[in-house]
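Have a look at the structure below before the remarks.
Sequence lines set the chain letters: A, B, ... in the order given, protein chains first and strands last, and positions in each chain run from 1.
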There are 2 protein chains.
Amino acid sequence: MTSQPGFGDTLLGLAALIQRRHIQICAEHDLTPAQSQLLCTLREGPRRMADLAAILGMAKPALSQLVDRIETRGLVRRTASEPDRRVVTLEATPEGIKIGRAVYEDVDARLPDVLVALAPEDQQRFAELVSAIPHIRCPST
Amino acid sequence: MTSQPGFGDTLLGLAALIQRRHIQICAEHDLTPAQSQLLCTLREGPRRMADLAAILGMAKPALSQLVDRIETRGLVRRTASEPDRRVVTLEATPEGIKIGRAVYEDVDARLPDVLVALAPEDQQRFAELVSAIPHIRCPST
DNA sequence: TATTGTTATACTCTATAACTATA
DNA sequence: TATAGTTATAGAGTATAACAATA
């Protein structure tokens with residue numbers, strides 16, 4: 001991996017830029033990024049806790065507490081699963097689904113704003129390059 | 001900003017990829033990302049608290065506490081500035097400078113690993129595009 | 001009075017270990 | 001005994017408001 005000096009820093013700057021924008025957009029929906037990604041993941045259907053933890057890349061205790069906080073707000077609901085009663089299935093409430101879909105669309109529409117300074121054809125090239133990196137489409141897809 | 005559906009998600013995946021790698025590299029130096037960026041910023045000389053907060057993009061109380069934690073470990077030192085005694089100048093200790101330079105070089109050398117899956121010429125194009133985004137070279141430069 | 005930085009307080013996120021309940 | 005999930009505990013990060021010291 002040979003690259004110009006300072007490129008590590010440039011990558012950190014890019015990540016920070018994306019995340020600051022993400023925080024802004026999520027805040028407009030009264031969500032933190034973690035809460036947003038949870039609701040986005042649940043927006044098309046229920047999931048087991050273990051699967052969610054893997055999808056979101058977090059440990060199970062962290063997920064339990066994230067769910068606690070957002071369940072209090074009535075956006076998700078835990079239900080014991082029937083065949084194996086150890087399993088907890090998490091589903092978004094109707095309001096949770098509505099918010100999840102809204103924030104997902106908003107992120108999709110407005111997060112690319114971070115690239116405004118690039119010419120349209122450069123934005124397109126950038127999108128193609130990033131999409132070619134494996135395992136990049138993580139949480140909500 | 002017109003882009004293919006799901007591109008917002010792709011950008012979030014890219015940011016997450018970069019940050020996971022950053023966390024790994026920092027951890028090998030026994031630092032969190034925030035601590036690392038502080039030491040990297042101080043690696044070439046002292047700074048005032050207010051300037052540091054602006055450079056790192058955090059509020060002053062957050063910086064005070066970050067400094068508290070890393071000062072305990074003997075990596076930075078606070079000194080009252082003379083002309084205006086309200087001002088606190090923060091400087092890295094010799095060990096802090098050593099660690100700051102080491103982690104900076106390591107990040108620069110190894111963070112670009114996240115692009116290994118791209119062909120070398122695509123990595124080069126990617127680097128050029130990212131470097132063209134304004135305000136991207138933030139904290140430690 | 002305005003400014004620099006700190007303290008106080010609270011919340012979110014995360015990690016590890018110990019625990020409960022099912023299987 | 002193994003697994004799914006939770007609770008307990010701790011630490012890092014961040015935000016806001018109130019405060020101290022200095023200008």
Side-chain angles (χ1 to χ4, degrees), chain A residues 12 15-16 19-20 22-24 26-42 46-73 75-91 139, chain B residues 12 15-16 19-20 22-24 26-39 41 46-73 75-91 139:
Chain A
L12 288 184
Q19 293 206 141
R20 277 195 304 268
H22 190 213
I23 289 170
Q24 279 177 356
C26 291
E28 290 175 22
H29 296 261
D30 256 305
L31 297 171
T32 64
Q35 292 164 349
S36 167
Q37 293 194 310
L38 176 61
L39 287 184
C40 285
T41 306
L42 292 176
R47 299 274 195 173
R48 312 161 52 139
M49 293 294 280
D51 291 348
L52 272 174
I55 292 168
L56 298 174
M58 67 202 318
K60 287 191 292 178
L63 176 61
S64 273
Q65 297 183 24
L66 176 62
V67 168
D68 288 347
R69 286 185 290 267
I70 201 167
E71 190 176 28
T72 306
R73 291 172 53 183
L75 302 184
V76 302
R77 186 163 41 215
R78 279 186 244 235
T79 53
S81 303
E82 251 328 310
D84 182 341
R85 304 203 20 254
R86 289 172 306 183
V87 172
V88 168
T89 299
L90 193 70
E91 96 188 299
Chain B
L12 288 183
Q19 293 206 141
R20 278 194 304 267
H22 190 213
I23 289 171
Q24 279 177 356
C26 292
E28 291 175 22
H29 297 261
D30 256 304
L31 297 172
T32 63
Q35 292 166 349
S36 166
Q37 294 195 308
L38 176 61
L39 287 185
T41 307
R47 298 274 195 175
R48 312 162 52 141
M49 294 295 278
D51 292 347
L52 271 175
I55 291 169
L56 298 174
M58 65 202 318
K60 286 189 292 179
L63 177 61
S64 272
Q65 297 183 24
L66 175 62
V67 169
D68 288 346
R69 287 186 289 268
I70 202 168
E71 190 176 29
T72 306
R73 293 171 52 184
L75 302 185
V76 303
R77 188 166 36 217
R78 279 186 245 235
T79 54
S81 304
E82 250 330 307
D84 181 342
R85 301 200 25 254
R86 290 173 304 181
V87 172
V88 169
T89 298
L90 193 70
E91 96 187 297

Any chance you could list the contact pattern along nucleotides 17-22 of chain C? Use B for base contacts, S for sugar-phosphate-only contacts and - for none, protein heavy atoms under 4.0 Å, 5' to 3'.
B---BB
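Taking the side chain as every heavy atom from C-beta outward, A:Leu39 and A:His29 never approach each other to under 4.5 Å. Looking only at side-chain heavy atoms (C-beta outward), B:Leu38 and B:Leu75 stay at 4.5 Å or farther from each other. Proximity of A:Gln35 to A:Val76: side-chain heavy atoms (C-beta onward) are nowhere separated by under 4.5 Å.
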Mind listing the side-chain donor-acceptor pairs of residues 65-72 of chain B below 3.5 Å, one per line with the distance, residues two or more places apart or on another chain?
unit_1: B:Asp68; atom_1: OD1; unit_2: B:Arg78; atom_2: NH2; d: 2.2
unit_1: B:Glu71; atom_1: OE1; unit_2: B:Arg78; atom_2: NE; d: 3.2
unit_1: B:Glu71; atom_1: OE1; unit_2: B:Arg78; atom_2: NH2; d: 3.3
unit_1: B:Glu71; atom_1: OE2; unit_2: B:Arg78; atom_2: N; d: 3.4
unit_1: B:Thr72; atom_1: OG1; unit_2: B:Asp68; atom_2: O; d: 2.8

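Across all non-hydrogen atoms, the minimal contact from B:Pro33 to B:Ile23 is CG-CG1, 3.7 Å. Nearest heavy-atom pair, B:Ser81 versus B:Val88, reported as atom, atom and distance to 0.1 Å: OG-C, 4.2 Å.
Between the CG atom of B:Asp51 and the C1' atom of C:dT3 there is a distance of 14 Å, rounded to whole Å. Put simply, CG on B:Asp68 is 6 Å from P on C:dT7, counting in whole angstrom units. Rounded to whole Å, the distance from NE2 on A:His22 to P on C:dC13 is 12 Å. Residue A:Asp30 contributes atom CG, which lies 15 Å from atom P of C:dC11 at whole-angstrom precision. Rounded to whole Å, atom P of C:dT3 lies 10 Å from atom NZ of B:Lys60. Taking atom CD of residue B:Gln19 and atom P of nucleotide C:dC13, one finds them 15 Å apart after rounding to whole Å.
In 5' to 3' order, the nucleotides of DNA chain D bounding all contacts with chain B (an atom under 4.0 Å from a heavy atom) are D:dA12 to D:dA23.
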Determine whether A:Gln37 and B:Leu12 satisfy the following criterion, side-chain contact (heavy atoms from CB on, under 4.5 Å), listing intermediate values before the conclusion.
CA-CA 10 Å; A:Gln37 293 194 310; B:Leu12 288 183; 3.7 Å; yes
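Backbone-only engagement by A:Leu66 is indicated by non-hydrogen atom pairs under 4.0 Å involving sugar-phosphate atoms exclusively.
Each of B:Gly57 and A:Gln65 was assigned the nucleotide of DNA chain D with the nearest heavy atom; the assignment lying further toward the 5' end belongs to A:Gln65. Along DNA chain C, the nucleotide nearest to A:Ala62 and the one nearest to B:Ala50 differ in position, and the one closer to the 5' end is contacted by B:Ala50.
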